[in-house]
Every structure is written in C-alpha cells, then in structure tokens.
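Notes for the one structure printed next.
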Amino acid sequence: MSNPIRIGFCTDLSGPYQSVDGPGGAEAIRMAIADLGGSVAERPVELLLGDHRNDVTEAASIAQRWYGQEGVDVVISGVNSDTSLALTSVAAEVGKPILIVGAGTSVQTRERSAPGIIQYAYDTVALATVPGLVLTRQGDKRWFYITADYPFGRELEAHGRAAVMGAGGTVVGSVLNPHEADDFTPYVQAALDSGAQVLGLANGHAELIKAMAAMRRMGVRDRMKLVGLLTFVGDIHEMGLEEAQGLYLADSWFWTRDAESRAWAKRFHASQKVIPSSLQAADYSAATQYLRAVGTTGTTDAGAVMGHLRGATLNDMYVKNGRIRSDGTMLHDMHLLRVKTPAQSTGPWDVYDHVATVPGAEAFPSGK
C-alpha cells in the first residue's frame, strides 16, 4: 500500500476555544477527506490530531514530532496566535507547509513570511479593517476602542485605527482592559463619555460577552454602534439575540451566505448539533485545497504543492476566487455582518444580516 498523506491538525481541543474550532474543526477536515473519496493520488489520507492546550512549548513539540518523526505532510494550525507562531516557526525551519486557519496575528505574514506558510482564513488586519472602512465611509467617523491588553487586542486596535483614519475618520479615544477582566463598566463609561459614534471591541469571546452585558445594562446600544472585532456565530448563540442584536462584525464566511454554504452547514450540524463557525468552514477548505493540490501535482513535495497553491485560484464551499499573495496571505472576500433582532430571526441560528462585502485586496491591505 502507498504511504499515506498525513494531515496534522493542531488546535485547542479541550480548552476555552474548543467550541470555535476544536473537535468541530477536526470533523470538518474529516468531511473534506471523505468528499475526496478518502484517498488522493492513489494514497490514503490520514488525519492526526494535536491538542496544544494553548501552550507554546506543547505546540512546538507537536510540530517537531509530526514533521520530524511521524511523516506529517502539512499542518493546519488552529486557534491561538502564540501557539501558531510556535508551529509556523518549526514549519519554516524544516521547510514544511502549514496552513493557518484559527490564529489571527498578522505577524505570521508581515514579519515571518516563508514559502510554506499560508494565512488562510483571516487576520487581525481584515477583522479590524472591514468594519473600519465600511462604517466610516457610511458616515460613522468618530470611533472609540476598548482593547484587550495583550498583543492580539493591540493588533486589532492598531489595524482598526489605520482603516478608520484612512477612510477619513478619527479615533477619539481608547482604553485597555486587563486580560480576563470581569467588570467592564468603567471602560464602557469612558466610551460613552467620549462622544464616539462607534465603539470597537478589540477583544473576544469571554471578554466580548462581559462587555456586551455591561453595555446592555448601561444603554449603550441606543447611543452608538457596536463592533465586535473578533466574534463568531457561537458567541452570538451564547449571548442570545436580545443581548447581541445590532452588533457589527467582520467574518470570512457565514453559513447563510449561499445555497452551497447552507447545504454544507446542515451536513455539519447533523453530526455536531451546532452550526459551524467560519474557522471550521475554513478548516474544511484548507484541507480540500491542499489535497487537490497534491492530486494535481501528484506529490506531497512541499515546493511543488505550495508552488501550485500560490499560483492557483481557489474555489470551494468556503472561498471564492481566492489568491495567495506573495507574503502568504490568502486574499478573499470578507463580509461585514450585523446581528439580527429577535423579531427578524427565523430560527436559533438565523443571526446575521449581510451589510457589505469587501474584496480581498482591500480587506487585507499589505503591510509593506
């Protein structure tokens, strides 16, 4: 029997970020393998799972073992930017491919780009640029940011500031919230006192949910527009539409985008009992595109496969007309979404109104 093609999926499988990627992301990759018949270029495809437990040392150890001892041909990197930087460092050192899905730091392409590294789904640039451009151009020119006090949050604010000012707006103020802060009242009050039209929340998940609860209590939604700079469908489902209604966010994919997305999401829901996040959809796409490239080139040689991907136009359920920029960023449409009111929703997972689509070249401005 031919040697198997081995895909390693390293993410948070058991910790605080497991719902947005985790076991559901692994299932999405299994769906991709099954949709290609379980084998490519007459070689069976195997999926290896690694739980980095949000630990940089553990992530590096997994990558070293997979690439050096277990014959893994490509790694798909899941959530957590610090662990992803550890994975990409190993991949670059050994000259192996890695497709980054869940980790958003722009450092991976702006400072550490390498031939085998592809930033596949999104990054902090796109998450902050899309709402900054669209809302500012619509006339909401005065922004305030509540920013998580760690590198990912500060990246989001910095890229958001650049977009807002580039579109003719101003940032009237910002405040840092400590990581894992519980009481957002003083930060929200600072935003209210600023006279801003838009409040950008440069944090995510637990902190986003706490901030939204504080804003509901303080009546913020009636006084300014709210933007979650890292928000997933599961966050909305957890908060409920009564609390999340009106929140703006940027995302690379949403399950009601078109008939193809709806059909895939329903397949996923049948086994997982939840609607997939954009990251889980991107896990499916990344595995699909890598395996298609192996099928076309007839090899898992890193240079051949990555060369093909970097020259291809990528299309599937998740991505439409995607192209890999020279720094490794996959350019594709990003969407500005707004959370529906309870009265507008037709069911538990019908949460988004589509506001605008921003083409990849504008959503992912180059840092060079």
Side-chain angles (χ1 to χ4, degrees), residues 81 104-111 113 119 121-177 184 186-204 207-208 211-212 215 220-221 223-231 246-252 325-327 329-339 354-368:
S81 289
T105 179
S106 57
V107 170
Q108 293 169 128
T109 54
R110 294 194 169 207
E111 298 177 22
S113 61
Q119 184 91 22
Y122 70 159
D123 62 10
T124 51
V125 179
L127 291 174
T129 294
V130 169
L133 288 180
V134 175
L135 293 178
T136 304
R137 288 170 178 171
Q138 290 180 353
D140 296 302
K141 295 182 179 293
R142 298 192 309 278
W143 284 65
F144 188 96
Y145 288 93
I146 297 177
T147 300
D149 191 11
Y150 63 100
F152 185 80
R154 291 193 291 272
E155 276 187 43
L156 284 171
E157 181 185 332
H159 296 312
R161 281 176 173 270
V164 168
M165 292 187 289
T170 60
V171 177
V172 298
S174 67
V175 64
L176 292 171
N177 70 260
F184 275 78
Y187 315 123
V188 174
Q189 189 61 54
L192 285 171
D193 293 343
S194 73
Q197 296 167 288
V198 186
L199 172 54
L201 300 167
N203 45 41
E207 292 174 3
L208 169 71
M212 290 295 291
M215 287 186 284
V220 176
R221 193 163 52 215
R223 298 174 57 181
M224 61 178 65
K225 291 180 177 176
L226 308 178
V227 179
L229 296 179
L230 180 65
T231 308
L247 181 70
Y248 288 83
L249 62 128
D251 213 339
S252 61
R325 193 167 61 196
S326 60
D327 65 0
T329 302
M330 201 256 279
L331 300 179
H332 56 86
D333 289 347
M334 290 286 293
H335 308 282
L336 184 65
L337 308 172
R338 182 178 54 237
V339 178
H354 178 258
V355 177
T357 294
V358 178
E362 191 171 25
F364 296 86
S366 173
K368 298 178 181 179

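In this chain, numbering begins with 1 at the start of the sequence shown.
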> Which heavy-atom pair separates Pro131 from Ala126 by the least distance, and what is that distance?
Replying inline: CD-O, 4.3 Å
>> Assess the residue pair Met215 and Leu201 against the criterion (side chain to side chain contact (heavy atoms under 4.5 Å, CB included)); give the C-alpha distance rounded to whole Å, side-chain angles, the decisive distance to 0.1 Å, and a yes or no.
In response: CA-CA 11 Å; Met215 287 186 284; Leu201 300 167; 3.4 Å; yes
> In a check of side-chain contact (heavy atoms from CB on, under 4.5 Å) between Gln197 and each of Lys225, Lys141, Arg223, which one passes?
Replying inline: Lys141
>> Return the CG to CG distance between Asp251 and Leu127, rounded to the nearest 0.5 Å.
In response: 7.5 Å
>> Ignoring hydrogens, what is the shortest heavy-atom contact between Ala121 and Ser252? Give both atom names and the distance.
In response: O-CB, 3.5 Å
>> Test your reading of the model: is there a side-chain donor-acceptor pair from Glu155 to the backbone of Ser106, 3.5 Å cut-off?
In response: yes
>> Would the distance check show the side chain of Gln119 and the main-chain N or O of Tyr122 forming a donor-acceptor pair, the cut-off being under 3.5 Å?
In response: yes
> Roughly how far apart are Leu226 CG and Arg221 CZ, rounded to 0.5 Å?
Replying inline: 7.5 Å
> Counting only N and O atoms by type, is there a donor-acceptor contact under 3.5 Å from the side chain of His332 to the main-chain atoms of Met334?
Replying inline: no
> Given Leu249 and Val339, is the side chain to side chain contact (heavy atoms under 4.5 Å, CB included) satisfied, shown in steps?
Replying inline: CA-CA 8 Å; Leu249 62 128; Val339 178; 4.1 Å; yes
> Got Val188 and Ile146 here, is their nearest side-chain heavy-atom distance under 4.5 Å?
Replying inline: yes
> With sequence neighbours left out, which residue pairs that include part of residues 138-158 fulfil the ring-ring contact (aromatic ring centres under 6.0 Å, His included) condition?
Replying inline: Trp143-Tyr145, Tyr150-His179
> So how far is it from Asn177 CG to Asp149 CG, rounded to the nearest 0.5 Å?
Replying inline: 7.5 Å
>> Treating Gln108 as the side-chain partner and Thr105 as the backbone partner, does any N or O pair qualify as donor plus acceptor under 3.5 Å?
In response: yes
> For the residue pair Gly228 and Leu247, what are the closest heavy atoms and their distance?
Replying inline: N-CD1, 3.5 Å
>> Return the CE to CG distance between Met224 and Leu199, rounded to the nearest 0.5 Å.
In response: 6.0 Å
>> Using side chain to side chain contact (heavy atoms under 4.5 Å, CB included), reason through Phe184 and Glu207 one step at a time and then give a plain yes or no.
In response: CA-CA 9 Å; Phe184 275 78; Glu207 292 174 3; 3.9 Å; yes
> Measuring from Thr109:OG1 to Asp327:CG, what's the distance to the nearest 0.5 Å?
Replying inline: 4.5 Å
> How long is the gap from OG1 on Thr129 to CG on Leu336, to the nearest 0.5 Å?
Replying inline: 12.0 Å
> Which of these, Val358, Val227, Leu337, sits in a side-chain contact (heavy atoms from CB on, under 4.5 Å) with Val130?
Replying inline: Val358
> Would you say the side-chain atoms of Arg142 pair up with the backbone N or O of Gly195, donor to acceptor, closer than 3.5 Å?
Replying inline: yes
> Closest heavy-atom contact between Gly360 and Leu331?
Replying inline: O-CD2, 3.8 Å
> Does any non-hydrogen side-chain atom of Arg110 lie less than 4.5 Å from one of Val125?
Replying inline: yes
> Between Leu133 and Ala167, which heavy-atom pair has the shortest distance, and what is it?
Replying inline: CD2-CB, 4.1 Å
>> The test is side chain to side chain contact (heavy atoms under 4.5 Å, CB included); show your working for Ser174 and Arg161 and say whether it passes.
In response: CA-CA 10 Å; Ser174 67; Arg161 281 176 173 270; 3.4 Å; yes
